[in-house]
Every structure is written in structure tokens, then in C-alpha cells.
Amino acid sequence: MNIKFYFYDVRHVLIDGKSCIELYGINKEGNKLCIVDEFNPYFYAEIDNDLLIDKISKLNIKDGDDEISVLSVHKINKKILGIDKELIKIVCNKNSDIHKIRNEIKYAVLNTYEFDIPYTRRYLVDKQITPLTELSLVCDELGSEDDLIPRYKLNEIEFSSNKVDGNLVNTLKILAIDIETYYSDGGIDDFTEPILMISFYSNNFKKVITWKEIDGAENLENEKIMLERFCEIIKEINPDFITGYFSDSFDFPYIKKRADMLGVSLKLGDGPLEIKNDSVRIKGIVHIDILKFIRRTMSSTLETQTYSLNDVAKEVLGEKKLEVNLSNLSVAWDEDNKSDLKRFVEYNLKDSKLTYELFMKIFPNLGAMVNLTSLIPFDVNKGGFSQFVEWYIIYNTKKYNEIILSKPNYHEQESRREFRIQGAYVAEPRPGIYKDIIVLDFTSLYPSVITTHNISLDSLRREPKSSLNINPENDNLWFSKKEGYITKILSELILMRKKYKKELKNSEGDLLLAAKVGMLKILANSFYGYLAFYGARWYCLECASSTTAFCRYYIKKVISETKDKGFDVIYSDTDSVFLTLGSKTKDSAFDFLDETNKNLPGIMELDYEGYYPQGLFVLSKSGVGGAKKRYSLLKEDGTMKIVGFELVRRNTSPIVKEVQKEVLNLILKENSPDKALKYVKNILDKIKSKQISNDEMIITTKISKPLDQYSAVGPHVVVARSMEAKGNKIKPGSIVKYIIKSGEGIIREKASLPEEVDAGDYDSDYYINNQIIPAVEQILRVCGYEKDQILGKGVQKGLGSFF
DNA sequence: CATATTCGGGG
DNA sequence: GTGTACGAATATG
């Protein structure tokens, strides 16, 4: 029979002692299927004696009660970084045989290759198939092991598309979930308090289950029955994807822990929940922790400073969480406050809704990365950029008959870690306010440099001989004319992006194509970092250091040329220069751009980034010279671009969070840094005169290990110990609250329990200098206000009032 | 100065 | 059947 099939998960399974592949996915009608395929694992060896072929093929290794033998051995031609190699291919029964056989022959052969490729990925690379794309399969029906997912045996792949289907997301069943838990002062990290409600959100299914009578929710007898109902609902919906926000580290591990405590057997997909290194996998269902993907892969395209669901949803969807005071949930639960609980039910459902919509929004990006790397969605969600680059390269080895290089072992990685390379050139700005700023930058500087100068492991030469592609800072390093493997792959990638970009112009609404263009850019930009990544298979530190050397050379060249033309260069960072026009016109800048581009080699290109009526560069912390990577620009539309400040983290007092929020609001929304300064000064006065209540001063910190294991005693440890002395139970995950009391000594000596501090008896200086100032200093500095001014000590310079 | 610890996300 | 997070900030020593 013929099946049009879209798979989204691949697994290894042993059938009659042989490794086989399971592909999970849906057919055209959206029904979930499992396709089983036979696929023999293998690896390669290099030998200098043909007699070994016969010897290896007759190998028989005792492995406990088992005997491991080799299925077949034959000669094969491969390339290692462009150089032809005759190897033998050793085919095994089980994937786990590979390393046992390799260990057995390691010393008899010259070298071994591709013994460290995970089985399921090996299959996709060999077959050159990609998840989420259409496959046309010839199959036979197999007796289904259970009624949830019918199984078929694969006979032939008739056709495979190489494009992720954009409409697929409408056929797939996507389910978002979210839990709310009881919260006590013991914290939520040990997952021991009960789960109070669970919400589900899918396009045609919206529900909250709980174990109290609450309007708008399904009421179940107790938590245990609620968890059983949770499994039942998931079985009924039988989703293809389950998504949650931080669900790898919170929702699912929490559900698992409670299920274990209550004796519920948690069966969701086609097997038990697998929790491994901070990720949760479900057989037959793809679990995507959407936070992970957004934080890892999408962060460069987002402005948000925090990755809370609320902030991310606000930016990506323009929608916020329901406003509730979560610390009241447990109270409302205990007191059975129906109206409050109803609100929490709505809150719970809204979280799932936002998660669902975020998933739909980023699915094209996830799909694009799946398409480019051929990694399953689960791995794309988990992986970082070096993984993406590496699997992109690996997927392309087949085309060139290239050997996949081996991963460095632990010791090799350790020794690689010791090296650091010189990075980009960052100029020190002269502090001050500038008018009429033009910013020029190189388009995709790193990828352009790598391809233009043929930077690759196999083109690298280490002797002072050539006049070609010489590292501008070390003439012992140069790159040959013959295109290197890495360069070839990257050039193709850049060409592909250009092609898609063109196509995109004719099909504006193609979200997947747009995502692909975006992901290709990210991927291209990651090649440089990959070359320097200690875990990389195609690692080349000299390639990476030559790349940055070329980059420094080019940007410095632009700086000196613009200076020659009479522009004033005020700042430069990595790939961009900031010029002031002075008496020159914008057109003269464009002329410079044209002239420069005529002379740049290869695909190198300088671009016009933008015009800013005004910009401010501030003094560095040391007070000598300008601060790098910290400035603010006034855009033509009147809004401000502030670069180089970070938000404070949460283990600060409420007053700090409040002040920082208001300062940003005054600067970014009201464009009024001077109001922000006044506001901060006012708060400082209030702290000094003890007008701020103690509650606002409470610092919250989490205990992360048993108290007796602390060698360094911080304020939170001191407080935790005194809490314990009073009979409180302190364990890892416990939340400690304290106030820094006024008085003498180091901080931990002044850390006290909130109830032991009289009103106003907090250390004003500590809160001003260690809490408020660090939180707002960076932001205000970038707007031209120095610390002394905030404290009211210095002269009122008022640079910020220029904006 | 180096070293130890915590944070993020989640309730 | 991969394993690896990580990079910055803050306080103590």
C-alpha cells in the first residue's frame, strides 16, 4: 500500500536482535502512524592489509551470554576533506555492536571513522530524508501493538520532498498544557506540593481540570484522579505535538514527581515519560518546550529582556497573561474562595492559550531549522547553534561522499577549551553627544570573510609562502585557492539564502520561506563560532582566529578610509562604523559606500545601516575614555535605541524591580531621561528618610543545597541557618527572605529575618548602593547621567535633557 | 585578586 | 541509546 507520510520523530528499536528504525508521524489525513524500517548500523575502518577484511567479517565477540558478529565487510571509496581514501565498511546487527567491534579491531586497523553517529540520525542522513517533509512510502500493514498508533513496515521510499510543508501545522494536532501548583515558603523546586489545576489548549479543545468545585473547570475528586484524567485526556486527543512553557524543567518533571508520589502510572503517548538531561521526551508525541527554542534560537530576533511568558507573549503576540497575584492562589485554595479560584482557572487556561499561540507563531522557524539540518523537532528544540551547523554539514557530507569527522574525546575537548582567540575590534568612543550620525556595517561579515578568503580546515596552510588569503596579522597562515570543504558548504548556504530571498519577494505570505531565510542567516553566522567550538567535529581554531583577524583588518580599513574622506569616526564595533556627517552630506556617505564596495573582494559588502539625528556615548566605568557597547541613539521617529544595559535579576527587593521598571518606562516610552533621574532621586530620598516600607526591602533567595554543605556563607545562608534554629525545615529549594538591617559589619552580619527588623530599620546605604544604584546606573549612564548625579553629589550636567 | 554561589524559566 | 548549559553577576575569602 502507498502512504503519504510526514514524520516528526525517529526512534531506535531492537527487533529480533537487530537495530531498526521507527518513524512516527501522520499521513495526509492527519492520522498518526508508526513506520518501521530495517536499517543496519555500520562504521568505517582504514586498513593496510586486505587479509583483515576476512578476519573482521568472521569476528565473534562474547558479550555476556550474547555473541556479537559482523554482518558484512566490504571496500568503499570515501573522501576525507577532499582527499580520496579507500576504506572498509563494517556493517553490524545492533547499533551497540559498533563500539564493541571497534574496540576489538582498534589496534589492528589504521583508523576508524563514523563510529560515533547516533543511529537514528545516521538513517536520516543516509536516506537523505527530513522530518516534516512529504514522503511517499510503499508499506505493508503490521499487527498494531496497541490501538493508539497503527504500525506499518516500510518497503520503499518512492519519493521524498526536501521542503517542509507549510500547511502541515494545520493538519498536526498541537496541544499546549500548563499546570498551577500549591505554593508554600518551602519553594516549588522540590516539586512536592500538590498540583492544583492543569489546563489544555488546542484549536478545538480548551479545558481546565482541578480537584475543587470551581466555575469553568472540570472538577475531580482529588489530585490523583486529576492526574489520571490528565493521561486520559491526552490519550483522547492523541496530539502530535505537546508544548509547554518551561515544561522541560517544570510542568512535566513536576507532573512526574507528583504522579510517582501518588502512585499514578503516567502513560501519555506510546510509553512512559522519559526525563533526561533537562528534557522530556514522549514516545509518539513530540514534546516542545517553547521557552527553550525561543531563548536559544529566536533570541537574536527578539527585543525582550526577560523570557517570562508574559514578556515574550507581549512582544511576539501582543497579548499578556491574565493579571493575578499568584501568591494568593494557595490562600484561595485553602479558604475555598470561589471567585478567586475562578480567576485562577482563567489564568491557567490563558497561559496554555499563550503557549499554544507562541508555538504556532514559531513553528515556521522550528520547521525551517528542521528542514535545514534534518534534525527531528525534538533535537532542534534542544540543540544550540553549533549543533545546527554541525548537522547541516553532516547532512551535506553525503553529496560530496565526505567522511564525517569524529567528535573530540573528553581530553581533547578539555585541551581545546584552554585556548582563547582574539575577537572582534571594538573602538573606544569619545564620550559625548553627536549629531547627524550615519552607521555603516558589513553585511554578514563573518560568513563573507570565511567564503571570500576560503577559510577551511583543508585550505589552511601553515608556512610563509603564498600571496593568497594571508591572515593579515600572521603571515604564517594563509588559505589555498582550491575551495575548502567548510567554505564550499557555507557558500552554498549563502547562495541558497539569496535564492530563497528572491523567491520570498514573489510570495510574501510564505511564512516558512521567510523563516528559512531567517534561520539560514543565523546558521551562516554560526559557522565562525562553530570553528572555534571545543566540541566541533570540524574544529579549526586557526580558521576562527584568521576569520576575526580578517574582520579586524576590514573594519579598520573602513575606519581609516572614512577618516581620509573627512568623516569623523566616533565609534566602531565588529562590523559597523559610526560616522558624523559634520559639514558633509548624506550623499557623500553613499558615494563612499559605492567606492568601497567596488574594491571589496569576493562577496564582502559594506551597507548603509541607518541615520540617527543624535547619539550619546558615555564615559567608561573607569572614567577614562568611552564605554564600549553602551550608547543610546535617537531615531528619526523620535524613539530611542538604548544599547548595553541589562535588567537586574530577581533576587533583589521589590523596590528595585519597581524602580527599574519605572525608569525604563520614563526613558523609552516617554523619552524623558530627566524625569527618570528625578524619579530615582526621589526614591533615594524616601529610602534615606525611611518612607519606604520594610516589605519593599525584602530580598528573596533560594537555597540550593543542604545548609551544612556551604563553604562560603552568604547572607541567605546565615538567615536560613537561623530559620532552621527556630525549627523551620530548610532544604534545597527553600526560599529565604531577609532584610539587610542597619548597623556595622559585612552584609551577612546584617542579614535578618523580616519579622526581626523594626519598621525603617533597614540599611539605607546598602539598599541605595547595592540594590537601587546598580539596577539603574547603567541605564541612566547611557542617557548621560553619572552615578554621582543620581546620588546628588556631582554637578548637574543634564546631558539627558538633550533627548 | 580568585573562588563560591546563584540566576534564568516555572508557582 | 550522545551529552554538554552557560555566562554573568554578586558576595566572600
Side-chain angles (χ1 to χ4, degrees), chain A residues 10-14 19 41 94-96 98-99 115-122 178-189 191 193-197 244-255 274 276-279 281 289-292 294-296 305-312 321 324-330 333 344 347-348 351 355 379 382-384 386-387 390-391 407 410 413 417 533-535 646-652 699-705 709-718 732-733 735-736 740 746-749 751 766 770-771 774-775 778:
Chain A
V10 193
R11 291 182 165 262
H12 169 267
V13 67
L14 279 176
S19 282
K94 295 198 297 293
N95 196 53
S96 57
I98 286 182
H99 79 258
F115 47 84
D116 59 355
I117 316 295
Y119 175 72
T120 54
R121 293 193 184 169
R122 149 74 70 208
D178 180 51
I179 65 170
E180 305 301 327
T181 66
Y182 194 91
Y183 180 87
S184 70
D185 275 351
I188 48 174
D189 280 359
F191 298 174
E193 302 287 356
I195 298 170
L196 304 183
M197 46 186 83
Y245 203 83
F246 203 44
S247 47
D248 264 335
S249 316
F250 187 70
D251 300 67
F252 276 114
Y254 206 121
I255 288 169
E274 303 157 31
K276 252 188 265 169
N277 353 296
D278 205 30
S279 56
R281 199 168 176 180
D289 180 347
I290 202 73
L291 162 67
K292 226 176 224 177
I294 288 173
R295 195 166 51 188
R296 290 240 181 95
Q305 291 278 332
T306 84
Y307 288 94
S308 66
L309 177 57
N310 194 47
D311 287 357
V312 171
K321 281 170 69 130
V324 296
N325 184 352
L326 259 181
S327 47
N328 289 345
L329 171 56
S330 311
W333 187 267
F344 283 112
Y347 169 86
N348 186 210
D351 276 7
T355 305
D379 286 331
K382 203 169 57 150
S386 54
Q387 288 295 296
E390 187 149 283
W391 285 95
K407 261 187 10 182
Y410 178 78
Q413 292 194 25
R417 272 168 181 274
F533 169 53
Y534 59 84
E646 294 104 30
L647 291 182
V648 289
R649 296 180 303 172
R650 74 145 186 240
N651 62 333
T652 48
I699 299 167
T700 310
T701 310
K702 199 152 53 182
I703 294 295
S704 65
K705 55 185 179 183
Q709 279 176 30
Y710 279 97
S711 53
V713 181
H716 60 296
V717 182
V718 172
I735 300 291
V736 172
I740 302 300
I746 59 174
I747 293 164
R748 70 163 170 228
E749 287 162 0
Y766 171 82
N770 295 40
Q771 297 262 319
Q778 276 191 1

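Below, each value reflects all heavy atoms present in this structure, side chains not excepted, and no hydrogens, waters or symmetry copies. Below, read A as the first sequence line, B as the second, and so on, with proteins coming before strands; counting in each chain starts at 1.
- Rounded to whole Å, atom C1' of C/dT2 lies 8 Å from atom CZ of A/R121.
- Atom CD of A/E390 and atom C1' of C/dG3 are 12 Å apart (whole Å).
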Exercise for review: Do nucleotides 4-11 of chain B as a string where each nucleotide becomes B, S or -: B if the base has a protein heavy atom under 4.0 Å, S if just the sugar-phosphate does, - if no protein is that close.
Suggested key: SSBBSBBB
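- With respect to A/E390 and A/R121, no salt bridge is recorded, no charged nitrogen being found less than 4.0 Å from a carboxylate O.
- Side-chain contact between A/D189 and A/K702 is present, with at least one heavy-atom pair separated by less than 4.5 Å.
- Checked by atom type and distance alone, the side chain of A/Y183 never pairs as donor or acceptor with a backbone atom of A/I188 at under 3.5 Å.
- Between the CZ atom of A/R296 and the P atom of C/dC6 there is a distance of 9 Å, rounded to whole Å.
- Outside the 6.0 Å centre-distance limit, the rings of A/Y245 and A/F250 are not counted as a close aromatic pair.
- Atom CG in A/N770 sits roughly 9 Å away from atom P in C/dT10 (whole-Å rounding).
- Within 4.0 Å of A/Y766, counting heavy atoms only, lie sugar-phosphate atoms of the nucleic acid but no base atom.
- Across all strands shown, A/R748 has heavy atoms under 4.0 Å from sugar-phosphate atoms exclusively, and none from any base.
- If you measure from atom CG of A/D248 to atom P of C/dG3, you get 17 Å, rounded to the nearest angstrom.
- If you measure from atom CD1 of A/I747 to atom P of C/dT10, you get 11 Å, rounded to the nearest angstrom.
- Residue A/N95 is classed as a sugar-phosphate contact, given heavy-atom separations below 4.0 Å to backbone atoms only.
- For the C1' atom pair drawn from B/dG10 and C/dT4, the interatomic distance equals 22 Å after rounding to whole Å.
- Within the 4.0 angstrom heavy-atom criterion, no nucleotide atom of any strand lies near A/K276.
- By the side-chain contact (heavy atoms from CB on, under 4.5 Å) test, A/D311 is found to be paired with A/T304, A/T306, A/S308, A/K314, residues two or more places apart in sequence or in another chain being considered.
- Within the nucleic acid shown, A/S247 has no heavy atom closer than 4.0 Å to any nucleic acid atom.
- In this structure, the NE2 atom of A/H99 is 11 Å from the P atom of C/dG3, given to the nearest Å.
- Among the protein residues, A/Q387 comes within range of the nucleic acid bases, having at least one heavy atom under 4.0 Å from a base atom.
- A/Y534 comes within contact range of at least one nucleobase, with a heavy-atom separation under 4.0 Å.
- A 4.5 Å side-chain heavy-atom check between A/T181 and A/L196 finds every atom pair outside the cut-off.
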